[in-house]
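Since the structure comes first, as structure tokens, the remarks are kept for the end.
When a ligand or atom number is given, it counts from 1 through the structure's own listing order. We're numbering straight along the sequence, starting at 1. Only a predicted model underlies this, so the values are computations on that prediction, with no experimental measurement involved.
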Amino acid sequence: MDRGKRNLTRNNREPPLIIKPPKKPDHEYKRRGLLGEGGFGRCYEVETKEGKILAIKVVDKASLRNQKNKDKLLSEIAIHKRLNHPHIVKFYDCFEDQSFVYLLLELCENKTLAFMNKKRQRLTEPEVRYFMLQLLNACEYMQRQFVIHRDLKLANLFLSKDMKIKIGDFGLAAQLEREGERKKTICGTPNYIAPEVLFDQTNGHSFEADVWSLGVIMYTLLFGKPPFQTDGEVHQIYRKIKELKYEFPSHITNVSKEAKKLINLMLILEPEKRLTIQQILNHEFFSLGMTPAIIPVSALNIAPCFD
Ligand code: ADP
């Protein structure tokens with residue numbers, strides 16, 4: 001199965017300290033700290049001449065010798081650069097030199113929801129409403145643009161300086177050419193992947209696959225671990241997904257029945273029966289209690305108090 005992790009020729013080459021786009025001689029980016037390393041390359045903090053701090057994703061051309069990797073990067077760039085939404089990582093520019101391809105992105109200072117989830121274990125329902133509403137808005141926008149993300153997971157949900165969600169990593173995204181088109185490529189991340197992506201090669205998949213992942217995300221934020229997680233191998237996760245085998249842990253008693261009902265309606269095996277983004281937005285879970293307008297950075301470590 002193609003999980004989209006591009007078989008990298010691991011390479012230790014570092015990009016220059018001063019990165020200059022060849023076609024824009026008046027621009028330059030001073031490389032600062034390493035933000036992280038991914039399947040495709042490295043991401044650094046950079047400073048513009050005006051003192052603005054951005055993120056730059058650097059892909060070594062050595063890893064693009066095979067056509068498949070090259071096509072994937074081109075597709076990621078083509079899709080991401082067209083998107084412009086407050087809850088999607090901004091794509092500012094891309095350029096290349098002899099050795100690297102560079103993607104200039106909005107910097108997300110507060111890491112990802114995966115990091116937050118690890119620190120906090122479980123978020124409160126007001127926080128879950130806050131993050132889910134931002135995610136749903138971004139997903140609604142992507143659907144209007146005919147884009148399926150196909151790898152929505154906590155590690156791809158970045159957090160800005162003011163703790164707003166920014167969806168990132170469009171490496172597995174698909175751009176539909178026409179309404180009703182279905183995709184057939186198997187891709188995603190085991191814990192979050194929708195059943196029809198894995199098992200329905202006849203009918204393929206579409207936007208509903210992102211809704212499934214949203215269900216997994218909401219469950220994970222509230223209960224601390226993904227619903228289909230096993231200690232065993234990946235195929236055991238796939239079996240649990242196929243059989244819709246998940247439960248709400250009985251020792252966690254403070255999650256509302258409305259939250260559980262909503263998760264149940266996102267994790268439905270048949271994609272056509274799953275809630276749509278609009279139906280999720282109208283669900284009673286979102287009117288059940290308060291939704292904070294802002295969340296403090298301290299929420300990365302300790303539950304905020306909303307009284
Ligand atoms: P992959 O696509 O394999 O996940 P990326 O190159 O997109 O890898 O990202 C690698 C790491 O760099 C991420 O896990 C994250 O820690 C960091 N990162 C990526 N994009 C940003 C960003 N816009 N702002 C801050 N950190 C980022």
Side-chain angles (χ1 to χ4, degrees), residues 2-15 19 29-48 52-64 66 68-81 83-96 99-119 134-135 138 147-174 187-193 213 217 297 300:
D2 177 6
R3 285 194 47 211
K5 285 295 169 209
R6 300 133 257 216
N7 302 316
L8 266 193
T9 327
R10 273 280 168 209
N11 204 307
N12 289 323
R13 282 202 291 182
E14 282 221 312
I19 300 168
Y29 304 98
K30 201 191 285 173
R31 174 159 64 84
R32 299 174 19 139
L34 180 72
L35 288 166
E37 231 171 316
F40 222 154
R42 291 183 180 149
C43 198
Y44 296 90
E45 226 179 72
V46 285
E47 186 176 349
T48 67
K52 215 174 156 196
I53 312 295
L54 306 173
I56 202 160
K57 185 164 161 170
V58 182
V59 180
D60 194 317
K61 285 187 172 174
S63 65
L64 298 175
N66 91 40
K68 208 169 150 196
N69 287 350
K70 203 184 262 175
D71 290 346
K72 280 211 163 100
L73 181 62
L74 287 175
S75 153
E76 172 174 354
I77 293 170
I79 294 175
H80 197 171
K81 75 194 279 193
L83 300 175
N84 183 13
H85 187 273
H87 296 299
I88 294 179
V89 173
K90 286 243 171 337
F91 185 105
Y92 292 119
D93 198 6
C94 67
F95 53 88
E96 58 184 310
S99 314
F100 301 98
V101 178
Y102 303 92
L103 278 61
L104 202 56
L105 305 168
E106 172 180 12
L107 175 69
C108 301
E109 283 93 339
N110 282 317
K111 304 206 162 115
T112 64
L113 267 187
F115 173 83
M116 184 174 183
N117 192 240
K118 211 168 167 182
K119 283 247 169 183
Q134 297 178 13
L135 262 176
V147 169
I148 327 174
H149 186 283
R150 302 200 295 188
D151 202 16
L152 291 176
K153 58 178 176 180
L154 296 190
N156 285 338
L157 304 178
F158 293 91
L159 294 169
S160 64
K161 197 174 181 173
D162 57 353
M163 295 295 280
K164 298 281 190 285
I165 279 204
K166 307 276 173 173
I167 297 180
D169 195 353
F170 286 78
L172 297 182
C187 60
T189 298
N191 267 315
Y192 293 80
I193 197 167
S213 306
I217 287 168
V297 178
L300 289 172

For Ser75, all residues meeting side-chain hydrogen bond (donor to acceptor under 3.5 Å, both in side chains), sequence neighbours excluded: none
Heavy-atom proximity to atom 12 (O) of ligand 1, picking from Gly41, Gly38, Cys43, Ala155, points to Cys43
Examine Arg42 against ligand 1 and note whether any of their N/O atoms are separated by less than 3.5 Å. no
Side chain to side chain contact (heavy atoms under 4.5 Å, CB included), that's the test. Do Leu300 and Lys111 meet it? Break it down for me. CA-CA 9 Å; Leu300 289 172; Lys111 304 206 162 115; over 6 Å; no
For Leu35, atoms of ligand 1 separated by under 4.0 Å from a heavy atom: 16 (O), 25 (C), 26 (N)
Could you list which atoms of ligand 1 come closer than 4.0 Å to a heavy atom of Lys57? 2 (O), 5 (P), 6 (O), 7 (O)
Under 3.5 Å, is there a donor-acceptor pair between the side chain of Asn66 and the main chain of Asn69? yes
Asn191: partners by side-chain hydrogen bond (donor to acceptor under 3.5 Å, both in side chains), with sequence neighbours left out: Gln229
Selection from Phe158, Phe91, Phe170 by shortest heavy-atom distance to atom 13 (C) of ligand 1: Phe158
Does Leu135 offer a backbone N or O that forms a donor-acceptor pair with the side chain of His87 under 3.5 Å? no
The atoms of ligand 1 lying under 4.0 Å from a heavy atom of Ala55, numbered in the order shown, are 22 (C), 23 (N), 24 (N)
Please classify the Lys111 to ligand 1 contact at 4.0 Å (heavy-atom distances, strictly less than): side chain, backbone, both or neither. neither
